[in-house]
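Here's the structure we're looking at; comments come further down.
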Amino acid sequence: MTVAADLAVNPAPTAHDLRLVPAALTVWLGTLGGLLIGWWVTVAVGTGVAAAAAVAFVVIRRRAANSERIRALLLALLGFGAVLAVVVTPRLHNAQEDPIRPSADRGVHAVLRVTVTERPRPIRSAGYAGRAGGTSAVVIPADVAEAKVEGRMVRSNGRVVLIAALDGWSSLLPGQQVTASGSLDPGRPAELTVAALQVRGSPQATTEAPWWQQAAASMRAGLRKASGVLDEEPAGLLPGLAVGDTTGMSRRVEDEFRDAGLSHLNAVSGTNVTIVCGAVLLLLRLLRLGPMVSATGAGLALAGYLIITGPEPSVLRAGVMGAVGLLALALGRRGTALPALAAAVAGLVLYDPAMAASFGFALSVVATAGLVLLAPRWAAALARRGMPSGLAEWLAVPVAAFAVTAPIVAGMAGELSLVAVVANLLAAPVVAPATILGVLATVLGPVWHAGAEFLVRLAGPEASWLILVAREASAVPGAVLGWPSGWWGGLLAALVVGVLVVAGRFARVRLVIAAGLVVVLLVAVPARVIAPPWPPPGWAVVACDVGQGDAIVLATAEPGRAVVVDTGPEPGPVDRCLDRLGVDRVPLLVLSHLHADHVGGLESVFEGRTVGAVAVGAGRAPRWAWDKVAEVTGTHGVPLVELPLGQRLDWPGLSLDVLGPRYVTTRAAAEKDGTLINNSSLVLRGHTSAGRGLLTGDVELAAQADLLAAKEDLRADILKVPHHGSRYSLPDFLAAVNPRIAVVSVGGGNSYGHPHQSTVDNLGKGGALLTRTDTDGDTAIFPLDDNPAILRRGR
């Protein structure tokens, strides 16, 4: 007996028991309607379905119909419809009429005594200005126990989310009570959340968490500590794979997993439950224990695993379905995956109506349904055409999962990963070993740290392989397809997938689809990837698309060797840009100033490259950024040097002159004023094969005036526009530079209004050709007939 069979997931296509499916859909859709529209929708659906089922049941009995399945289906609809109306409706009504809601709409002050219901979830952001990137705040779901709004007590037992600082709040555990104060914001009705509290200050009057939550936290901490023996990225990924703990995962890895369609591996779901319970079942069966004992042992492992991972919607769904499947195993019944899923859906939505509107819950449910309904049939069809059965199942599972989840992903994220199937195929062989080793290390960590570290080392290569797969897959040109977001985008994606699936059943249509794919591969892909070539031959300067930040690459006369100025706001984008350019040697990495959007990607420049030195100006603020730069250079054994005013640097085919800053303030003053940090930017005049360039960092009005007053020769063919094209650019300064090409390094949809229209207009008046990374992507400048020319890679 296989592990999959033990978990009631039959690998061969069978007739499925559909009796509970209509009832589960009634509960799910009726609750979703109540969340999105109003509680009255839920009571209407529940009573309407129950009444219709009762009438139909009476009619069938009078006609002496002898269909046991139909009677069971109608009884399920009758019972679940009644429960929906009686149980769910009051909860929706209470949440939608909660007395805190009007106060939240006004944004008033409140003091709440709450019970934490889930582990704090980190809020990650890219760095900007003097604020470091990473996690600085957490979101904490909680239930209200007491509420004081504008100084008066309010009766409420609604749900809230606390948005609080990382320090002091990230260590809270489910079951703890805590007092928090701050300003109220409106909640999200679809989540049954009556308000969000923007917390000020530290937690007050905190109670102890239940012992099992403390034990689970100790185990997760033990795994994080043991994972420290791995490199930084695998160390952050392994706890996510094993127990869904993503607190140590880097923003870069998280983004790459999303783009590669592998983000489901970081969220505990049915895959994890199948692996954990399957491993226990296999072990107990090898010991020749019976089904009842095996199911009991797997059930205990499942309960412990769910406590460790926490009560997330997908975790609860997987746990309930796993429990139903184990019960079926103990009773000697197989092939019950679909009834188990239906029971899990109905039971969980009745237990927590907010799950009906959870994207994670929906993804988990439809993915499991696809694996139950589609994957076995597609695998069997491939096997009938001569494909080995193991290979057919290996191919059918990710294809089926992608087909059923694509509409939800498209509507939720506004994009689709076109490399998801291949990435999941490559990732599949190592997911189970990495998960099992990670879970064993989690259990072992609190009692034997050395043993946990040994298991982590065994899991390290698997975690590194997953990162490699995600990184290479996400870097494929066109890996992510933009798509309309929202309900209409999801429905459009569902229509496309449905048409393709139905059409694929006909041989001639399959031939047309295959021909269409060939045309796309031979025409569309080369048009995007091959023509024009990237990078263009003889490129001199490239502005990398790194989002809201700067990263400029200056070529030397030696292939693969280039100077880099600034690194963008976060690791990843600058690394991929340098990979595309074929740069593997960086004789000098210049940081114009220490704001996060210029130094955030520093670490990734070192990946797979030799760096000769890192250069900075005289500024040392903000302090955290200076400490980070010193730490990274020290770790890699690279000199950290200061470029003084007037210094000249030469390489074959490239030279740089340091023109500024002309004035640098004290660190204490700069820490309080980001403009002072901007004005301390290094200003470099470069002599490249495409002409003279002026790199200005983020200099603003005062620094630009200093350069003008110094009577420097600012003329340049190429201008890296100061401060992402902000309005703080002197028209006289832009006129003195008089560039042919003006490069704005800027992030799409940024909240700063960059580039400002006045700066764009002033550059246009001077006759400059404007290019910007938010619309043009990486932009290369190269010599053409003794003039600088540009080539936009596109986004």
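Hydrogens, waters and symmetry mates play no part in the numbers below; they use all other heavy atoms, side chains included.
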Quick one: closest heavy-atom pair of [X] and [Y], and the distance?
X: Ser680; Y: Pro661; value: O-CG, 3.4 Å
X: Leu554; Y: Trp539; value: C-CZ3, 4.4 Å
X: Ala621; Y: Ile677; value: O-CG2, 3.7 Å
X: Leu262; Y: Val469; value: CD1-CG1, 4.2 Å
X: Val574; Y: Ala551; value: CG2-CB, 4.0 Å
X: Ser170; Y: Pro120; value: O-CG, 3.6 Å

Exceeds 12 heavy-atom contacts within 6.0 angstrom, atom CZ of Arg715: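 12 or below, so no.
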Heavy atoms of other groups near Phe733 CZ, more than 12 under 6.0 Å: yes
Where the side chain of [X] meets the backbone of [Y], is there a donor-acceptor pair that is under 3.5 Å apart?
X: Thr779; Y: Gly777; answer: yes
X: Asn750; Y: Gly753; answer: yes
X: Thr773; Y: Asp545; answer: no
X: Ser758; Y: Arg727; answer: no
X: Ser592; Y: Leu682; answer: no
X: Thr696; Y: Val699; answer: no
X: Arg471; Y: Ile467; answer: no
X: Lys720; Y: Val744; answer: no
X: Arg662; Y: Leu659; answer: yes
X: Arg609; Y: Val583; answer: yes

Side chain proximity check, [X] to [Y], heavy atoms < 4.5 angstrom:
X: Trp534; Y: Leu581; value: yes
X: Val563; Y: Val553; value: no
X: Pro571; Y: Arg251; value: no
X: Leu770; Y: Val760; value: yes
X: Glu558; Y: Trp651; value: no
X: Val721; Y: Thr759; value: yes
X: Asp732; Y: Leu708; value: yes
X: Leu643; Y: Leu649; value: yes

Working to the nearest 0.5 Å, report the span between [atom1] of [X] and [atom2] of [Y].
X: His687; Y: Asp650; atom1: NE2; atom2: CG; answer: 9.0 Å
X: Ser681; Y: His595; atom1: OG; atom2: NE2; answer: 8.5 Å
X: Leu719; Y: Leu695; atom1: CG; atom2: CG; answer: 8.5 Å
X: Leu714; Y: Leu707; atom1: CG; atom2: CG; answer: 6.0 Å
X: Asn679; Y: Glu700; atom1: CG; atom2: CD; answer: 5.5 Å
X: His756; Y: Asn762; atom1: NE2; atom2: CG; answer: 10.5 Å

Intermediate values then yes/no, side chain to side chain contact (heavy atoms under 4.5 Å, CB included), Gln548 and Glu570: CA-CA 10 Å; Gln548 183 65 16; Glu570 56 187 336; over 6 Å; no
Looking at [X] and [Y], does any basic side-chain N land under 4.0 Å from a carboxylate oxygen?
X: Glu607; Y: Arg576; result: no
X: Asp778; Y: Arg580; result: yes
X: Asp776; Y: Arg792; result: yes
X: Asp713; Y: Arg685; result: no
X: Arg740; Y: Asp717; result: yes
X: Asp761; Y: Lys765; result: no
X: Lys628; Y: Glu603; result: no

Those residues that, when tested against His636, pass ring pair (Phe, Tyr, Trp, His ring centres under 6.0 Å) (two or more places apart):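 Listed in chain order: Phe606.
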His723: partners by ring pair (Phe, Tyr, Trp, His ring centres under 6.0 Å), with sequence neighbours left out: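 Listed in chain order: His754.
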Distance flag, aromatic centroids of His724 and His598, threshold under 6.0 Å: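 His598 vs His724: aromatic centres under 6.0 Å.
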Residues Asn266 and Glu254: side-chain donor-acceptor under 3.5 angstrom: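 There is no such pair between these side chains.
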Identified side-chain contact (heavy atoms from CB on, under 4.5 Å) counterpart of Gln647 within the set Asp657, Val658, Val641: Val658
Of Val737, Ile741, Leu734, the residue whose pairing with Leu763 passes side-chain contact (heavy atoms from CB on, under 4.5 Å): Leu734
Audit row: Leu578, Val564, side chain to side chain contact (heavy atoms under 4.5 Å, CB included) steps and yes/no: CA-CA 9 Å; Leu578 293 172; Val564 177; 3.9 Å; yes
Test side chain to side chain contact (heavy atoms under 4.5 Å, CB included) applied to Trp624 and Asp627, step by step: CA-CA 5 Å; Trp624 67 263; Asp627 291 342; 5.6 Å; no
Verdict with reasoning, Leu466 to Phe257, per side chain to side chain contact (heavy atoms under 4.5 Å, CB included): CA-CA 9 Å; Leu466 291 173; Phe257 267 62; 4.0 Å; yes
All salt bridge (charged side-chain N to carboxylate O under 4.0 Å, His left out) counterparts of Asp698, not counting sequence neighbours: none
Stepwise salt bridge (Lys or Arg N to Asp or Glu O under 4.0 Å) test for Asp575 and Arg252: CA-CA 11 Å; Asp575 176 43; Arg252 178 184 184 183; 2.4 Å; yes
